[in-house]
Amino acid sequence: MAKYCNRCKTVYDDACPRCGNTDGREATAVDECFLTEKDTIWSEALSDMLRQNGIPFWTANTIGSAMAMYLPRNERIRFFVPYEYLDSAREIVDSFFSVDEE
């Protein structure tokens, strides 16, 4: 049974890898789940791949838009997908980003 961390929006088995939470609830199909975090340059490519595969997603910037204007290279985009699409989205990320871009 996959657990869902309400704080980090992360699915895990034993403990949330982001915050260490162990008291999450069972994940449901509509939970918004953290997929990955990518540099701005790679975020457009990932967005296109998810769209082409019919996977709904939404993003969140790691720094505010005002700061991103001054520090564009430091901007990272977090991707979220519904739990029911998480495995498919992970396969896309794993196949395309098998070599870390950093």
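As a basis for the values below, the full set of heavy atoms in this structure was taken, side chains included, without hydrogen atoms, waters or symmetry mates. Small disclaimer: the values here were computed from a predicted structure and weren't measured.
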Report task. Kindly check if the number of other-residue, nucleotide or ligand heavy atoms within 6.0 Å of CG (D14) is above 12? Result -> no

Report task. Would you kindly say whether T62 and E75 are connected by a side-chain donor-acceptor distance under 3.5 Å? Result -> yes

Query raised in the report: Which pair of heavy atoms, one from T22 and one from K3, lies closest together, and at what distance?
Result: O-NZ, 3.4 Å

Query raised in the report: If two hydrophobic side chains count as joined below 4.5 Å and joins carry through other members, does F97 share a cluster with V81?
Result: yes

Report summary line: Note: C5 and N21 closest approach over all heavy atoms is SG-ND2, 3.6 Å

Query - V11 reachable from F34 in the ILVMFWY side-chain graph, under 4.5 Å edges - result: no

Query raised in the report: Which heavy-atom pair separates G24 from Y12 by the least distance, and what is that distance?
Result: N-OH, 2.8 Å

**Report entry** F79-Y85 co-clustered via ILVMFWY side chain contacts under 4.5 Å
**Finding:** yes

Requested in this report: Consider only side-chain heavy atoms of I, L, V, M, F, W and Y, link residues closer than 4.5 Å, and tell whether F80 and V93 are in one cluster.
Outcome: no

Query raised in the report: Going through the distances and angles, do F57 and E32 end up as a side chain to side chain contact (heavy atoms under 4.5 Å, CB included)?
Result: CA-CA 9 Å; F57 69 95; E32 60 180 57; over 6 Å; no

Requested in this report: Specify the closest pair of heavy atoms between F96 and A45, including all atoms of both residues, with the distance to one decimal.
Outcome: CE2-CB, 4.2 Å

Query raised in the report: Is any side-chain heavy atom of C33 closer than 4.5 Å to a side-chain heavy atom of K9?
Result: no

Query raised in the report: Does the side chain of I77 reach to within under 4.5 Å of the side chain of K38, using non-hydrogen atoms?
Result: no

Report task. Could you check R25 against N6 for side chain to side chain contact (heavy atoms under 4.5 Å, CB included), going step by step and ending with a plain yes or no? Result -> CA-CA 8 Å; R25 61 174 171 75; N6 285 319; 3.4 Å; yes

**Report entry** Interatomic distance, L86 atom CG to R90 atom CZ [nearest 0.5 angstrom]
**Finding:** 4.0 Å

